[in-house]
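Structure first, commentary second.
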Amino acid sequence: MQPKPKGFAKWIIVATVISATMLELIDTTIVNVALSQISGNLGATIEDASWVITAYAIANVIVIPMTGFLASFFGRKNYYLGSILLFTFSSWMCGNAGGLWELVAWRFLQGVGGGALLSTSQSILFDTFEIYERPTASAIFGMGVIIGPTIGPTLGGIIVDNFHWSLIFDINVPVGIIAAFLVFNFIDKQPHEYNIDRKSMKIDYIGILLLIVWVGSLQYILEKGQSEDWFEAPHIVVLTIAAVVAFILFIWWELRTKSPAVNLHVLKNRTLAITTILTFIMGMGIYCSMFVYPVWMQRIMGFTPTLTGESLFPGAIMSAVMMPMVGKAIQRGVPPKYLITGGFLLFAIFCFWMSLASPDAGVMFFFWPLLLRGVGAAMLSVPLTNQAVSGLSPQEMPQGIAINNMLRQLGGSFGIAFMNTYVAGQYALHRTQMLQYATSDSPVAIDRVNQVGQALVSKGVAASQAHQAGLSMLDAVVTRQAYVLTYLDAFRIVGTFFICVLPLMFLVKSRNLSAAAMKEASEHAH
């Protein structure tokens, strides 16, 4: 067995893989706050500019499940280094794109490079630590997974508010170059990487094609479904059929072929199978809650993107502080099911607490629930990351990690798609209900319009214009209040979702090895 790195070399590897992980995850969210500037600067509509996000997400989700195969084919170090260089070069080209579709093309290639960073980073990190230290490795990796998406919108907001939008891509370049240098010099090849016989390796072209069709179609549907009115659009129907058929054929083919692009046989491991389900749910719930919060803060509270991102920092810091503590708890033998249950409960409390907010709530109202969310994120991320690889052989680990990461990404996509649809439906419902009380027959509505009109007339505004301004003001009040009720409903339904998944905890193994037992197992493995 290859000896583990020690001392300075070990922590250089940790710093390298975490920086690469955060690069990938920051870029999944940093563009969100810059779409208006990108569309204006490149002369495109917001709808077309949103392809900058969609292209990255589609490439990312397609590549993630194939990272195990690609690492075996090219060698893990070569694949990892090549992916960092592709990500870095594509980032530079994104920042220098002269048109929207040129930007979208480079953004897709950036997603291809970024898809390797998450799973391969995690695999390298786990190989760097002994088996009994894996909860610590899970905590370190979890810090990148939670902090990266939190930093993204904040960093994007600061750049957009003070600099040109291209800087959100250009800042990746120096970090990527440093990461590539560290990978080249400090991450060793695995023993089998020196003797890869690519000529004898069969490439599963059919499996790769089916994967591209079903994952690409599904991700497009989830990203664009709400804006294109779901199944009212013919191409959404066609893509849905393609996704379902390709998915069924993909499962059938990958289970029967001798050299699958994605080794689904690893899901025979009960712990991994259950963990992937819980990871999907975690991704769905976390992305749902984080979809609603920023919109509430900006649309209802009037926060800038920068201030909204800064309000998330205390929770992110709490999560970073808690993760090593959760890792230590797992090493001391605390059953993962208790930590996961606690994490889901804290997320539910966070959501129900947020559902009590009002437009007049001060900043401190949100401070404590966000801290709870940070603790909940640590209690979910660390044990689920650790559980995903427990019981897998070194050969199975890259595939298990890749499948688990793909399910978290897809869970987030499902969560955002669901929340987009739910918010649109609830807003229409609440607005319709409120307009029943804002008609020309309503004394309250008439009185409010007259008050505004009289105030404007007294300032010299023509009576007809003043009356129209009063009606516009009333419409704005109805719109804002409809959104308030909608977002409070959204928090409640996400909280209810977290409560409803708690019975799944009965499927999680309650037994957990202590650090001493894991160390003994590791010594026997050596």
### Task
Please identify each residue that fulfils ring-ring contact (aromatic ring centres under 6.0 Å, His included) with Phe352, with sequence neighbours left out.
none

### Message
Within the 3.5 Å criterion, strictly below it, is a donor on Gln219 or Ser413 matched to an acceptor on the partner's side chain?
### Response
yes

### Task
Supply the atom-to-atom distance Ile248 CD1 to Leu210 CG, rounded to the nearest 0.5 angstrom.
11.5 Å

### Message
Could you tell me if the side chain of Glu228 sits less than 4.5 Å from the side chain of Tyr220, heavy atoms only?
### Response
yes

### Query
Considering all heavy atoms of both residues, which atom of Phe69 and which atom of Lys202 are nearest to each other, and what is their separation?
CE1-O, 4.4 Å

### Query
Is a side-chain N or O of Ser381 found less than 3.5 angstrom from the main chain of Ala377, in a donor-acceptor match?
no

### Query
Hey, does Leu267 have a side-chain heavy atom less than 4.5 Å from the side chain of Leu272?
yes

#### Entry: Test side chain to side chain donor-acceptor pair (under 3.5 Å) applied to Ser123 and Arg76, step by step
CA-CA 9 Å; Ser123 180; Arg76 189 174 68 180; 3.1 Å; yes

### Query
Excluding sequence neighbours, so at least two apart, what forms side chain to side chain contact (heavy atoms under 4.5 Å, CB included) with Val238?
none

### Task
Mind checking the CD1-CH2 spacing from Ile159 to Trp165? Nearest 0.5 Å is all I need.
12.0 Å

### Task
Tell me, with the steps shown, if Val326 and Met323 meet side chain to side chain contact (heavy atoms under 4.5 Å, CB included).
CA-CA 5 Å; Val326 174; Met323 281 185 179; 5.7 Å; no

### Task
Decide side chain to side chain contact (heavy atoms under 4.5 Å, CB included) for Arg270 and Ile274; before the verdict, give the C-alpha distance in whole Å, the side-chain angles of both, and the deciding distance to 0.1 Å.
CA-CA 6 Å; Arg270 180 174 177 270; Ile274 295 169; 3.7 Å; yes

#### Entry: Side chains of Ile84 and Tyr80 in contact at under 4.5 Å (non-hydrogen atoms)
yes

### Summary
Taking every heavy atom of His430 against every heavy atom of Thr486, the minimum-distance pair comes out as CD2-OG1, 3.6 Å

### Message
Could you report the tightest heavy-atom contact between Ala490 and Ile493, atom names first, then the distance?
### Response
O-CG2, 3.1 Å

### Message
So, taking the atom named CD1 in Ile403 and the one named OG1 in Thr275, what distance separates them when rounded to the nearest 0.5 Å?
### Response
12.0 Å

### Query
Do you know which of Thr496, Val501, Leu502 makes side chain to side chain contact (heavy atoms under 4.5 Å, CB included) with Ile499?
Leu502

### From CA spacing to verdict: side chain to side chain contact (heavy atoms under 4.5 Å, CB included), Gln426, Leu429
CA-CA 5 Å; Gln426 286 297 104; Leu429 176 64; 3.9 Å; yes

### Message
Please find the pair of heavy atoms, one from Gly216 and one from Ile58, that lie closest to each other, and give the distance.
### Response
CA-CG2, 4.0 Å

### Task
Kindly compute the distance separating SG (Cys351) from OH (Tyr293), expressed to the nearest 0.5 Å.
13.0 Å

### Message
Using every non-hydrogen atom in the two residues, find where Thr88 and Gly176 come nearest and quote the distance to one decimal.
### Response
OG1-CA, 3.3 Å

### Task
Report yes if some heavy atom in the side chain of Val61 is under 4.5 Å from a heavy atom in the side chain of Leu410; otherwise report no.
yes

### Task
Is it possible for you to check whether Lys224 lies under 6.0 Å from the centre of the six-membered ring of Trp51, through NZ or CZ, and within 45° of that ring's axis?
yes

### Query
Do Thr421 and Trp230 have side chains that get closer than 4.5 Å, going by heavy atoms?
yes

### Query
Can you find a heavy atom in the side chain of Phe497 that is under 4.5 Å from one in the side chain of Met284?
yes

### Query
In Å and rounded to the nearest 0.5 Å, what is the CG to OG1 distance from Leu125 to Thr120?
12.0 Å

### Task
For Asn269 and Glu396, test the side chains for any donor-to-acceptor distance below 3.5 angstrom and give the result as yes or no.
no

### Task
Measure the acute angle between the ring planes of Tyr79 and Phe74, then classify it against the limits of 30° and 60° as parallel, tilted or perpendicular.
parallel

### Task
Mark yes or no for whether Lys337, through its side chain, and Phe506, through its backbone, hold a donor-acceptor pair below 3.5 Å.
no

#### Entry: Worked check of side chain to side chain contact (heavy atoms under 4.5 Å, CB included) between Met505 and Ile340
CA-CA 8 Å; Met505 295 308 105; Ile340 297 169; 3.5 Å; yes

### Message
Listing request: all side-chain hydrogen bond (donor to acceptor under 3.5 Å, both in side chains) pairs with a residue in residues 498-507, at least two apart in sequence or in separate chains.
### Response
none

### Query
Side chains of Arg408 and Leu384: closer than 4.5 Å at any heavy-atom pair?
no

### Query
For the rings on Tyr483 and Tyr487, is their centre-to-centre separation under 6.0 Å?
yes

### Query
So which heavy atom on Ser83 is nearest to which on Ala116, and how close?
OG-CB, 3.1 Å

### Task
Could you tell me whether the side chain of Ser217 and the main chain of Trp214 form a donor-acceptor pair under 3.5 Å?
no

### All side chain to side chain contact (heavy atoms under 4.5 Å, CB included) counterparts of Pro65, not counting sequence neighbours
Leu211, Val262, Met406

### Between Trp92 and Asp170: side-chain donor-acceptor atoms closer than 3.5 Å
no

### Query
Between Asn405 and Ser119, is a side chain to side chain donor-acceptor pair (under 3.5 Å) present by the stated rule, with each step listed?
CA-CA 7 Å; Asn405 284 326; Ser119 297; 3.0 Å; yes

### Sidechain-backbone polar pair: Thr276 side chain, Ala273 backbone, donor-acceptor under 3.5 Å
yes

### Query
So Tyr422 and Phe418, would you call those rings parallel, tilted or perpendicular, with 30° and 60° as cut-offs?
parallel

### Query
Do Ile178 and Thr16 come close enough that some side-chain heavy atom pair is under 4.5 Å?
no

## Note on the structure
Interatomic distance, CD@Gln409 vs CG@Asn404, rounded to 0.5 Å, equals 11.0 Å

### Task
Among residues two or more places apart or on two chains, list those pairs meeting side-chain hydrogen bond (donor to acceptor under 3.5 Å, both in side chains) that have a residue in residues 247-267.
Asp204-Trp253

Atom pairs and distances, donor-acceptor, side-chain atoms in residues 98-115, under 3.5 Å, two or more places apart:
| unit_1 | atom_1 | unit_2 | atom_2 | d |
| --- | --- | --- | --- | --- |
| Glu102 | OE1 | Gly98 | N | 3.1 |
| Arg107 | NE | Val52 | O | 2.8 |
| Arg107 | NH1 | Asp27 | O | 3.4 |
| Arg107 | NH1 | Asp27 | OD2 | 3.4 |
| Arg107 | NH1 | Gln110 | OE1 | 2.7 |
| Arg107 | NH2 | Asp27 | O | 2.7 |
| Gln110 | NE2 | Asp27 | OD2 | 2.9 |
| Gln110 | NE2 | Ser91 | OG | 2.8 |

